[in-house]
Structures are given as structure tokens and as C-alpha cells.
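The chains referred to below are lettered A, B, ... by the order of the sequence lines, with proteins before strands, and numbering in each begins at 1.
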Amino acid sequence: MTDLRRIAYVEDDADLRAIAEIALADIGGFDVKLCASGAEAIETLPSFSPDLILLDVRMPGLDGPATLASLRSMPALSNTPAVFVTADDSADQTHALLELGAAGVIAKPFDPVRLPADLSDIWRHTRQDTHADAVQ
Amino acid sequence: MSSHSALRAIITRHCAWLEAQVEEIEAVLSAQPGDGRDRQTVEALHELVHQITGASGTVGFHEVSDVSAHLEKHLKSLRDQDSVNFSDSDRQQAVELFSRLKRVIAGVSPERSTLYNTDLKTVGGPRWDMTI
């Protein structure tokens, strides 16, 4: 039995971090860890042990895909589902991000009221897929 | 500070940020055209406008985000061109789209955010059972 409780959000925009934190904590009841950059995520997320990582694609310095690649190299985070947030939600971009191993893609601007439910849906599907793979 | 107050503080801060973004865009647009730095200018504009598109809709300013998205799309098409200097019509279109964005931002106030009167503690109803 597994619960979605801890969500990390890596985002360089301070307002988006703050709104997402309120929505995820107040609506979803999640423990939320915010990171302002990919470098901060790499430093702090192993000890936070998130159940799911929400990653902005376009950030100065390490972008979302590069951050995910680094996080994937860490044993503690190698299998943690990651969801990208991007303003470019074209089919090509979405496909490319999923090919990188993302569990889902959320378009910017996102509705903060819906964000907890959207992440829960993605996470639930990820867990079901994992369970199905284990059964086979 | 309650989350409702915190949300309003974020919205108010975002309004000030939008005004600052407009000033930054105006400063970039004031660069002289055709001096070989058009690509840098467009890159800088695209970054500033991209930030507005991505953030404003989430903060509850959907019209700002929509208008910004139009300008961002135009800037992206310019950015993807091979030429270093852009045509007068390209530049004029960018200026016109920015003027529209500036007008929309001038009409922004915290109370006009769709989130201003939203209490996130109540909109979600009971917290969902996240257990599988």
C-alpha cells in the first residue's frame, strides 16, 4: 500500500512556486518541498525523498531534462515519478519529454486548483503501470 | 499569515512584477534595429514574454497570459529565422502585439485575478484518499 504524500516542485518562478505550494498543501494535503533551481533540487531532494517530482522544463542553468537526468543517477530518486511543466505543450514536445522518462506533462499556465488532482491522477496511473509490470 | 492572505500577497506581488516586466520589455525594444543585435534582442524579449505567459494564467490573469502567448509565438517565429536582422514588418508586428499586452497589463489589479476571492482550503472539498 502506497500513499502519495510528498511532492517536490522545481521551478525558477517564485510566484508559481508559492501558488503551487499553497494549492498542493491546502487542497491536496501534501508535504511540499520547493526548489528554485535544478542545482538546489539535486542537493536537497535525496534527503526529502519525494513520492513525485514536478519539474519546470525551462530554467536558467540546469533545465528540467538535465535536472531529471541528474536526479535519475541518484539511487534514492532513480525511480521517483517525474512530471514536467512546460509552456510548450505541443505534441512533439510532450512526446520528447515522455521519452525522457517523465510520467506526465502539465501545460503552463496551469490551474492551481486542479493541480493536486492532476498530479494524483498521473501518480495513480504510474503506480498502476508499475504494479501491472510486477505482476507480469 | 493564512493561505488566503498569502495567495492575495502573491497576486499583488505579481501585479508589480508585470509592471516591471513591461518596463524591461520597453528597454529591450528601445535598442536600435538593424545593428546586428536583432537576434539578441528577440532572445531577450522572448524570455521576458515567456515568463509572463507561463506565470500570469496560473496567478489568475488569463487575458494577460493569452495576449502574451500571441506575442511569444511571434517572437518565437522570429527567433527561429536564420537572418540576423529582421524586417520592418516583423518588428512592427512585435511592437503592436506588445502594445496590446501593455494595455491589458495596465488594466490589471489584484482584485481582477480569478484567484483573488478563492479560498484554496475550501475549493478542493475533502482531501482525497491518495492510497492505492
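Contacts between B:I11 and chain A at a heavy-atom distance below 4.5 Å are absent for every atom of the residue. Heavy-atom distances place both the backbone and the side chain of A:I19 under 4.5 Å from chain B.
The structure places CD of B:Q51 at 11.0 Å from CG of A:D15, a figure rounded to the nearest 0.5 Å. A distance of 3.5 Å separates OG in B:S3 from CG in A:D26, rounded to the nearest 0.5 Å. One finds the CD1 atom of B:I10 at 8.5 Å from the CD atom of A:E21 (value rounded to the nearest 0.5 Å).
Cluster membership check: A:V10 does not share its hydrophobic cluster with A:I106, using side-chain heavy-atom separations under 4.5 Å among Ile, Leu, Val, Met, Phe, Trp and Tyr. Residue A:L34 is not grouped with residue A:F48 when hydrophobic side chains (ILVMFWY) are merged at heavy-atom distances under 4.5 angstrom, including chains of intermediate members. Linking Ile, Leu, Val, Met, Phe, Trp and Tyr whenever their side-chain heavy atoms come within less than 4.5 Å puts B:L7 and A:I27 in one cluster. By the rule that hydrophobic residues join a cluster once side-chain heavy atoms approach within less than 4.5 Å of another member, A:M59 and B:V49 end up as members of separate clusters.
Around atom CD of B:E111, more than 12 heavy atoms belonging to other residues, nucleotides or ligands sit under 6.0 Å away. Counting non-hydrogen atoms of other residues, nucleotides and ligands closer than 6.0 Å to CZ of B:R79 gives a total above 12. Within 6.0 Å of atom CZ in B:R100, 12 or fewer heavy atoms from other residues, nucleotides or ligands are found, so the atom counts as exposed in its surroundings. More than 12 non-hydrogen atoms from other residues, nucleotides or ligands lie less than 6.0 angstrom from CG of B:D80.
Minimum interatomic distance between A:A87 and B:H50 (heavy atoms only, all atoms of both residues): CB-CE1, 3.5 Å.
Contacts with chain A (heavy atom to heavy atom, under 4.5 Å) involve these residues of residues 52-75 of chain B, listed by number: B:T53, B:G54, B:A55, B:G57, B:T58, B:V59, B:S65.
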